[in-house]
Amino acid sequence: MVLHEEFPSCSDPSCEVDESEKQNYASKPSCELTEKCVNACAVYGRVCPCAARIASHAACDAMQKLIDGSHFFPKEKPSFPYLNADDVVIKEKLGEGGYSVVHSCVVTAGEEAGQEFAIKYLKRKAMVDLHQFKHGAADIAVEAFFLHNLNHPHIVKLHGVTTGSIETNVATGKECGFFIVVDKLVETLEHRIEAWHKEKEEHQKDGFMTRISHERRMMKRTELMQKIRIAYEIADAMEYLHAANIIYRDLKPDNLGFDQDGVLKAFDFGLAKELRPEDVKEDGRYELTGNTGSRRYMAPEVAKECHYDKSVDVYSFGILLWELCSTEKPFYGYSSNKHMQKVVLGGERPKMDGQHTSEWPTNLKWLMSRCWSAFPAARPSFTDIKDVLRDILHEKDAIPPNLAILDEAEHSEELVEEPVKEVGGLFGGLFRSPRLRGKSEGKHEPDSGPSFSNISPVEPKSSRSKSWGFVHRR
Ligand SMILES: Nc1ncnc2c1ncn2[C@@H]1O[C@H](COP(=O)(O)OP(=O)(O)OP(=O)(O)O)[C@@H](O)[C@H]1O
C-alpha cells in the first residue's frame, strides 16, 4: 500500500494521480457503465475494472479521513510491512465477515519466514457488488491502517500488506490481490464462553453444582479468577485505545480472541474511530453515528442516536463482563424491539440475583452495575476498571473509596422524557426516551463511519447463539 500516490486530497508533490480523475471520482462515484458492468462481470465471475477502480478510491478516501486532522495517526508516509502475494501460502479457512474471508497462511520470505499468520482478503462475492466492493476495500485498508499504528500486547499485530499501491491491488480485481496479514487467533472469546457454558450445563445435569463441596468452591473460584484476568486484559487494551482517543464501538466476545499462547487479542477495528477534541459538542460528547455496533452490547445513548463518547465502550464492557462471568447470553431471547423497550428505554440490565452470581465478590457486581449505568458520567474509566479487577485478583472485596463519586453521579442525574429519534424505522414514534436534563441534543449529522442496524425479530435457539451480534454492520 503506497498511500501518498492515490489519496484524492493528497498534497504530496510526488503524488502521481491525475487531478481530473480525482475530481471525477468525487463527483461521479460510479461510472455510467458500472452497474451494468458489475452485473455482467458477476455472471462471468470476473470483476469490473471500473468498480475495482472506484473501490480502490473508496479505500484511499477512508484512510485519508483517518489521517486528516488526526492527533494520533502520523502524517508522514506509513512504512507498512510489505508482502509479496507469492511469498504467502494460503491454508485452511478460519472465518469470514461481511465482505472478507480469513484464512490461515504461512509466510515464506522475510524475517518472519516459516511463521503462521491469518490472511484477510476480499471475497469474490463482495467484489462483484459495487457497494460491497467499496466498503470491503475500505474496511481492509482502514483495518491495516489502525493495526499498523497500534502497538499493544492485547491487540492483533499487522505483519504485512500487499506490496504495491492500494489502487493497483484492488484494481486487479483478483481475490487475494489486496490482503492484510495479522496475528493468527485460535479461538474467539465467544467460543470459549460457549465451552464454559456447556461445561456448566453438564455439571448442573449431574448435580455437581449443587453439592456443597470444597472442591466445587475451589473450582468455581479458579475459573472466576481466570475470567477476571481475561477481563483485565480486555480493559488494558481498551485503556490503551482510549488514551489514544480511539473509541472501539464493537466490544463483544466475537471480536476478541486468543492466539496459540493463550494471549487475548482484540481484532476487527471496523467501527473504531478517533475522537478529536475539536469535535466535542457543548455537552462534552460527540456527534457520531447512532445505532452502531451490536445491539446487545450497545450503550443506550448509541441506540437512541444521541451524542456519545468513549464511555460507550465501558457500557459494552459491563455487559461483556457479566456474560464472561455468568457464561449466559445477556438479554437472551430479546427481539431488537423488546431490547429497545426494556433495556434501552426501560433501563433493564442483566440479573445479579441468580445462583451463578451469588459467589461473585461485591466489588465485581458493583463494577458491572457502574459500567452499564444509563448515565455516561457514572461509568468508570478503563483505568478505574483495571484497579477494581486488580483488587478482585488480589482477593480484596471493597469498592475503592475514590470511585464512590460514580455512585453519586448515578444518583444525582435526573431523567426527563424526550422523544426518541427514529431508529431504522422500527421504533419511530413508539417510545419516548429518557435523557439527561439540560443536555442539548444538537443537530444530528452522523459521521460517515460505518454503521449497521443489527435488527433481527427473534433470537436463535441456543442460549449461547450469537443472535444480533453478527449481522453485517453497513
Ligand atoms: N486474526 C484472526 N485469526 C483467526 N481468525 C480470524 C482472525 N481475524 C478474523 N478471524 C475470523 O474471521 C471472521 C471474520 O473476521 P472479521 O470479523 O475481522 O471480519 P469482518 O469482515 O470485519 O467481519 P464483520 O463483517 O463480521 O465485521 C471472524 O469472526 C473470525 O472467525
Side-chain angles (χ1 to χ4, degrees), residues 3 7-11 26 58-76 78 135 138-139 141-143 145-150 155 237-251 268-293 297-317 374-383 409 418 420-423 433 435-453 473-474:
L3 297 184
F7 280 152
S9 55
C10 173
S11 56
C60 295
D61 284 353
M63 281 206 287
Q64 185 65 57
K65 263 185 83 181
L66 293 182
I67 294 175
D68 285 341
S70 171
H71 298 267
F72 177 74
F73 296 114
K75 300 261 174 298
E76 66 272 16
H135 284 294
D139 266 4
V142 165
E143 187 162 3
F145 203 75
F146 263 106
L147 296 184
H148 178 61
N149 287 287
L150 297 173
I155 292 175
M238 291 300 131
E239 182 191 39
Y240 167 79
L241 292 178
H242 284 193
N245 265 327
I246 292 168
I247 183 171
Y248 184 72
R249 295 198 289 189
D250 209 8
L251 198 51
D268 196 352
F269 279 73
L271 292 183
K273 187 171 174 70
E274 182 188 355
L275 299 179
R276 296 169 187 172
E278 58 275 18
D279 294 335
V280 76
K281 299 291 168 199
E282 272 173 18
D283 58 7
R285 307 210 172 106
Y286 297 81
E287 213 167 71
L288 299 161
T289 312
N291 207 23
T292 295
Y297 307 91
M298 193 186 288
E301 63 271 26
V302 181
K304 288 188 285 181
E305 304 200 0
C306 298
H307 290 177
Y308 59 89
D309 61 18
K310 289 185 277 192
S311 73
V312 300
D313 287 337
V314 173
Y315 175 93
S316 309
F317 179 85
F375 307 109
R379 296 175 197 151
S381 68
F382 278 106
T383 308
E418 271 188 35
V420 67
K421 267 182 79 79
E422 288 208 5
V423 181
S433 127
R435 273 188 87 241
L436 300 184
R437 191 188 293 282
K439 307 283 182 207
S440 73
E441 179 144 30
K443 195 158 66 58
H444 187 85
E445 276 178 18
D447 64 4
S448 56
S451 158
F452 81 105
S453 179
R473 63 178 168 269
R474 293 202 210 228

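Quick note: numbers below take in every heavy atom, side chains included, and nothing from hydrogens, waters or symmetry partners.
When atom types are taken as modelled, the side chain of E274 and the backbone of H71 share a donor-acceptor pair closer than 3.5 angstrom. The main-chain N or O of D309 is never found under 3.5 Å from a side-chain atom of R285 such that the two would form a donor-acceptor pair. Of the possible polar contacts, none joining the E287 side chain to the K281 backbone as a donor-acceptor pair under 3.5 Å is found. Judged purely by atom type and a 3.5 angstrom limit, D313 uses its side chain to pair as donor or acceptor with the backbone of Y248. In this structure a side-chain-to-backbone donor-acceptor pair under 3.5 Å is missing from S316 to M298.
Proximity of L241 to F269: side-chain heavy atoms (C-beta onward) are separated by under 4.5 Å at one or more points. Contact check for K310 versus N245: side-chain heavy atoms found under the 4.5 Å cut-off. Inter-residue side-chain proximity for F72 and N149 is flagged as met; some heavy-atom pair is nearer than 4.5 Å. Residues L251 and Y297 fail the side-chain proximity criterion, which asks for heavy atoms closer than 4.5 Å.
The nearest pair of heavy atoms linking A58 to A138 is O-CB, 3.9 Å. Residues I67 and K75 share a closest heavy-atom pair of O-NZ, 3.4 Å. Nearest heavy atoms, G290 versus E305: CA-CG, 3.9 Å. Nearest heavy-atom pair, D250 versus G293, reported as atom, atom and distance to 0.1 Å: OD1-CA, 3.8 Å. In terms of heavy-atom proximity, L66 sits nearest to R276 at O-NH2, 2.9 Å.
Considering only residues two or more places apart in sequence or on other chains, Y240 meets the ring pair (Phe, Tyr, Trp, His ring centres under 6.0 Å) condition with H152. In this structure, the side-chain hydrogen bond (donor to acceptor under 3.5 Å, both in side chains) partners of E239, at least two apart in sequence or on a different chain, are T383, K386. In this view, Y315 satisfies the ring pair (Phe, Tyr, Trp, His ring centres under 6.0 Å) rule with no residue, not counting sequence neighbours.
With hydrogens and angles left out, the side-chain atoms of N291 and K304 include no donor and acceptor closer than 3.5 Å.
Taking NE2 from H148 and CD from E143, the interatomic distance works out to 14.5 Å, rounded to the nearest 0.5 Å. Rounding to the nearest 0.5 Å places OH of Y308 at 4.5 Å from CG of L288. Rounded to the nearest 0.5 angstrom, H242 NE2 and S311 OG are separated by 8.5 Å.
Aromatic ring orientation, F73 versus F145: tilted (interplanar angle from 30° to 60°).
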Open item on the list: Applying side chain to side chain contact (heavy atoms under 4.5 Å, CB included) to V314 and F382, what does each step give before you reach the verdict?
Closed with: CA-CA 7 Å; V314 173; F382 278 106; 3.6 Å; yes
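Salt bridge E301/R379: present, at least one basic N to carboxylate O contact under 4.0 Å.
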